[in-house]
Amino acid sequence: MTLDWNQQLAQSAWWLLRAFGISAALLAALAWVLSRTTGWGRKFGRLAWPYLNPARDWRPLATVALLLLLAMFAVRMTVLFSYWYNGFYSALQSLDAKAFWHFLGIFSVLAAVHVARSLADSYAGQAFDIHWRVWLNDWLTRDWLDEGAYYRSHFVDEPVDNPDQRIEQDIAAFVTGSRTLAIGALSAMVSLVEFTAILWSLSGALTLAGVEIPRAMVFLVYLYVLAATWLAFRIGRPLIRLNFLSERLTANFRHALLRLRENAENVAFYQGEGVERGTLWTRFSAYIANLWARVYRGLKFDGFNLSASQVAVVFPYIIQAPRFFSGAIKLGDVMQTSQAFGQVHDSLSFFRTSYDAFAQYRATLDRLNGFLDANAAARALPALRAEPLDDGLEMDGIAVTRPDGKPLVRDLSLRLSPGQALLIKGPSGSGKTTLLRALAGLWPYAQGRLRRPAGEQALFLSQRPYLPLGDLRAALAYPGLPRGGADEDERMAALLRDVNLAHLLPRLDEVADWSRVLSLGEQQRLAFARVLYNRPAIVFLDEATSATDEGLEHMLYALLRERLPHRMLVSVGHRGTLDAFHTHGLALDGEGGWTFGAVPAPACAAGHSGRAAAGGRQAAPAALDAVQPPPDFRCPCAAAR
C-alpha cells in the first residue's frame, strides 16, 4: 500500500478533525454511561466533575480537548509511519536509491513533527495534572477541615484511616491515572479502527482444515487477543483488592513509625522499645504478607501477558511468509503488516496490559471516595451548635452523654456576663473536658441550646497546646496571623516577657517544630500569651496550667484577669488555687448531676459571699475546693461581682 505524500497535509488535517469530533463525542457518551451504570464510574464522576464542570471554569475541559486532539494526532502519525515503513523497505528491496533518499526526506519531516507533538503533549499533560491536583488538594483539604470533620470523623462508624496519605498520595495517583487511562483507552480504540483497516487491506486468505478464511489475519488477531484478555482479567482480578490493602497497610506502618517518633520521650521513659518493636513488626509483617501475595499474583499476571505478547511478535510473519516468498507482496508490505498487526494487538491488549494499573486506580477511587464519605458522615453527626452572642455565655438545657448513652451532664443551665469566670471541677472522668468539647461543637453526643461569642471571639486552650509549623511569631499569634511591623515586634516581645519567656525573644523569627523545642510548661505559657495577643471575648481553658507550678499558675491567671478584665473565662482544673480567679463554680459528679454557684467568700480576696445556684441548686463550698489567695492578690473580679 502506498500514499500520495503530497496530499497528506490536507488529508491528515481532515482526518484529525473527524477523529477528534468522533472521539470527543464517544468520550462524553462513555463517561455519561459509566457514571450511571457502574459504581467506579459514579465515584470517578464525584471526584472529577466538580473540576471539569464548564460552569465553574471552561479551561479544564478545554485542556482535556487539547489532550484528546494531541492523542488523535499521535494516532495519525503512527499511521503515516506505517506507510513510510512500507515505502522505505520496498525501496530497499527494489534497490531504488532515489526512492530511498526520498523516503529519508519524508522521515525527517515526520520525525520533526512527531518530536514537536510529543513535547506539546508532555507539557499539556503535566500542566493539566498540576492544575487539577492543586484544585483537588484544595477541595479535599477544605472538605476535611470543614465543620471539624477532621476531628469528628473519629466518631463515625467507619473512621477514615490515614487521611494524610489520601490527600498527599492518592490525589496524585487519581489525577495521573484518570488522564493516562482515559486518553490511552481512546487512543487504543481509534488505533484499532485505523490499523484494522490497514491490516484488512494487507491480509490474504488462509486455508485451515480445508476451509478458506478470507482476510484471515484480522479474524485471528481479534480472536487471539480477546481470548488472552479474558484470561488476563480472570488472573488479574485479585490485584484490585491486593492493591487496596497494600496502600492501607503501608500507611498503617508509616503511621506507627511517626507515632513512635512523636512519642519518643515517653517510650524511652517507659523503656517500651520491646513493645514498640513488636507493634512495628506486626504492622510491617502484615504489609510484607500482602506484598508477597501481590508478587505471586503479579508473576502469574505478567507471565501470561509476556507470553501472549511474545507469540504476537512472530505471528504476522508466519502468516505473511508464504505470500512474500511467492512474490504476492513486497518486503514493505510484510513490514507494514507486522506494524499494523502489532498496533491492532496492542490496541486490543490495552485493557489487558493496563489491568494492573486499573486495579490500582480502582483502589485509589475507593480510598478517595471513602475519605469524602467519612467527612460527610462526620458533618452529619449531631452537634451542639452555638448561636452567636457577643456579650455573654448562656446554656439552656445542655445534656452531654458518653458514646454509649451514659449521661455526664443533665439539663445544665447557666449564664455568665462579661468579666465573669467559671471554674469547672469534678472527679476524673466526670465529663469536664467532654463538656468543653460540646461547647466547642466537637462532641456529637450533646444537645440543648448554647449562646456564646463565636468565631475568633472564642479561644480554646487545651492541656497540650497546639503549635503550628513555622516561626515562633506564628505560634504566638495562632489562630490569628502576625501583622508585622515594629510595633508588632515590641508587642510580641512584651507578651513573651509577661509570661516569663523572655529567653525566646532572639528566636521569634526562627522556624522550628516548637512542640519539640519547648517544654510543656513553656508551651502552656506561650498559650497564655496567645490569649493576650488575640484578646477573644471568651476563653475556655482545659487544665491549661497543669504543667506549671502554683506560682506560675497564679501569675498567668492574674495576668489574664488584669489585662482582660471584661472577658469571660471558663476553666477546667483540679487545684484549689484556681478559685481565686473565678467568680463562679460548676461541680460535676459524673452521673449527670451538677452544682453551680458563686465562688464562696474564702476563694476571693475581695471577700464576696457565695450566691445561689441557677436552677435552684446551691453550690457546695467543699465541692469547689475554696482556698485563701495570697495576701497581696487584688481580686480582678471585684468589678464583675
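Computation of the quantities below employed the complete heavy-atom set of this structure, encompassing side-chain atoms and omitting hydrogens, waters and symmetry-equivalent molecules.
At a threshold of 4.5 Å between non-hydrogen side-chain atoms, the residues V267 and V275 do not count as touching. Using a 4.5 Å heavy-atom cutoff, the side chains of I235 and R297 are in contact. Here the side chains of F107 and F81 are in contact, with some heavy-atom distance below 4.5 Å. Looking at S285 and F253, their side chains never come closer than 4.5 Å, going by heavy atoms from C-beta outward. Here the side chains of P444 and R152 are in contact, with some heavy-atom distance below 4.5 Å. Side-chain contact check for F73 versus F20: every heavy-atom pair is 4.5 Å or farther apart.
With hydrogens and angles disregarded, no donor-acceptor distance shorter than 3.5 Å links the side chain of W144 to the backbone of N375. R56 contributes a side-chain N or O that, together with a main-chain N or O of Y51, makes up a donor-acceptor pair within less than 3.5 Å. Proximity of a side-chain donor or acceptor of Q93 to a complementary backbone N or O of L331 within less than 3.5 Å is detected. A donor-acceptor contact shorter than 3.5 Å is absent between the side chain of R283 and the backbone of A251. W514 contributes a side-chain N or O that, together with a main-chain N or O of G470, makes up a donor-acceptor pair within less than 3.5 Å.
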**Prompt:** Between L34 and F44, does a side-chain contact (heavy atoms from CB on, under 4.5 Å) hold up when you go through it step by step?
**Reply:** CA-CA 9 Å; L34 290 176; F44 169 78; over 6 Å; no
**Request:** Please lay out, stage by stage, how Q343 and I198 fare under the test side-chain contact (heavy atoms from CB on, under 4.5 Å).
**Result:** CA-CA 10 Å; Q343 289 293 329; I198 293 174; over 6 Å; no
**Prompt:** What's the verdict on side-chain contact (heavy atoms from CB on, under 4.5 Å) for V190 and I22, showing C-alpha distance, side-chain angles and the deciding distance?
**Reply:** CA-CA 10 Å; V190 176; I22 295 172; over 6 Å; no
**Residues V175, I130; criterion side-chain contact (heavy atoms from CB on, under 4.5 Å); working and verdict** = CA-CA 9 Å; V175 168; I130 291 172; over 6 Å; no
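The aromatic rings of F284 and W281 lie tilted to each other, with the angle between the two planes from 30° to 60°. Using a 30° and 60° split on the angle between ring planes, F174 and W132 fall in the perpendicular class, above 60°.
Remark: W49 CH2 is packed, more than 12 non-hydrogen atoms of other residues, nucleotides or ligands lying under 6.0 Å away. Residue L469 qualifies as open at atom CG: its count of foreign heavy atoms under 6.0 Å is 12 or below. For F88, the CZ atom is densely surrounded, since the number of other residues' heavy atoms within 6.0 Å is greater than 12. The environment of CG in L9 is sparse: at most 12 heavy-atom neighbours from other residues, nucleotides or ligands sit within 6.0 Å. Annotation for R516: atom CZ counts as buried by contact number, over 12 foreign heavy atoms lying within 6.0 Å. Summarising the local packing, CZ of R59 is surrounded by 12 or fewer heavy atoms from other residues, nucleotides or ligands at distances under 6.0 Å.
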Side-chain donor-acceptor pairs under 3.5 Å in residues 113-121, sequence neighbours left out?
{"unit_1": "R117", "atom_1": "NH1", "unit_2": "L70", "atom_2": "O", "d": "3.2"}
{"unit_1": "S118", "atom_1": "OG", "unit_2": "H114", "atom_2": "O", "d": "2.8"}

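Scanning all heavy atoms of the two residues, the minimum distance from W84 to L110 falls at CB-CD1, 4.2 Å. Nearest heavy-atom pair, L467 versus S515, reported as atom, atom and distance to 0.1 Å: CD1-N, 3.7 Å. Shortest non-hydrogen contact noted between S338 and Y317 is OG-OH, 3.1 Å. The heavy-atom pair separating L181 from S354 by the smallest distance is CD2-CB, 4.3 Å. Taking each heavy atom of W135 and P50 in turn, the nearest pair found is CH2-CB, 3.4 Å. Taking each heavy atom of R133 and E168 in turn, the nearest pair found is NH2-O, 3.3 Å.
A side-chain donor-acceptor contact under 3.5 Å links Q126 and S122.
For A188, the side-chain contact (heavy atoms from CB on, under 4.5 Å) test picks out S347, F350, with sequence neighbours left out. Here Q8 pairs with L3, W5, Q11, S12, R76, L80 under the side-chain contact (heavy atoms from CB on, under 4.5 Å) rule; sequence neighbours left out. Contacts of Y151 classified as side-chain hydrogen bond (donor to acceptor under 3.5 Å, both in side chains), with partners at least two apart in sequence or in another chain: R437. For Y478, the side-chain contact (heavy atoms from CB on, under 4.5 Å) partners two or more places apart in sequence, or in a different chain, are Y466, P468, R530. Under the side-chain hydrogen bond (donor to acceptor under 3.5 Å, both in side chains) criterion, S178 pairs with Y361, not counting sequence neighbours. In this structure, R18 has no side-chain hydrogen bond (donor to acceptor under 3.5 Å, both in side chains) partners at least two apart in sequence or on a different chain. Evaluation of the side-chain hydrogen bond (donor to acceptor under 3.5 Å, both in side chains) rule for N6 yields no partner, not counting sequence neighbours. Applying the side-chain contact (heavy atoms from CB on, under 4.5 Å) criterion to S246, with sequence neighbours excluded, gives T250, Y287, N290, R294.
The side chain to side chain donor-acceptor pair (under 3.5 Å) pairs that include a residue from residues 182-196 are W15-E194, T196-Y222, where partners are two or more places apart or lie in different chains. Judged as a salt bridge (charged side-chain N to carboxylate O under 4.0 Å, His left out), the pairs with a partner in residues 360-377 (not counting sequence neighbours) are, in order, K43-D366, R46-D373, D161-R367, D170-R367. Legend: side chain to side chain donor-acceptor pair (under 3.5 Å) pairs involving residues 21-42, not counting sequence neighbours: none detected.
Note that the OG atom of S153 and the CZ atom of F371 stand 8.0 Å from one another [nearest 0.5 Å]. Taking CD of E147 as the start and CG of L381 as the end, the distance is 11.0 Å to the nearest 0.5 Å. The CE atom of M335 lies 4.5 Å from the OH atom of Y89; values are rounded to the nearest 0.5 Å. Annotation: the span from W139 atom CH2 to D146 atom CG amounts to 12.5 Å, rounded to 0.5 Å. Note: L249 CG to L291 CG = 10.0 Å, rounded to the nearest 0.5 Å. To the nearest 0.5 Å, atom CD1 of residue I183 and atom CE of residue M72 are 7.0 Å apart.
Salt-bridge annotation for R259 and E276: absent, with no side-chain N of the basic residue lying under 4.0 Å from a carboxylate O of the acidic one.
The only member of D143, D138, N137 that meets side chain to side chain contact (heavy atoms under 4.5 Å, CB included) when paired with T141 is N137.
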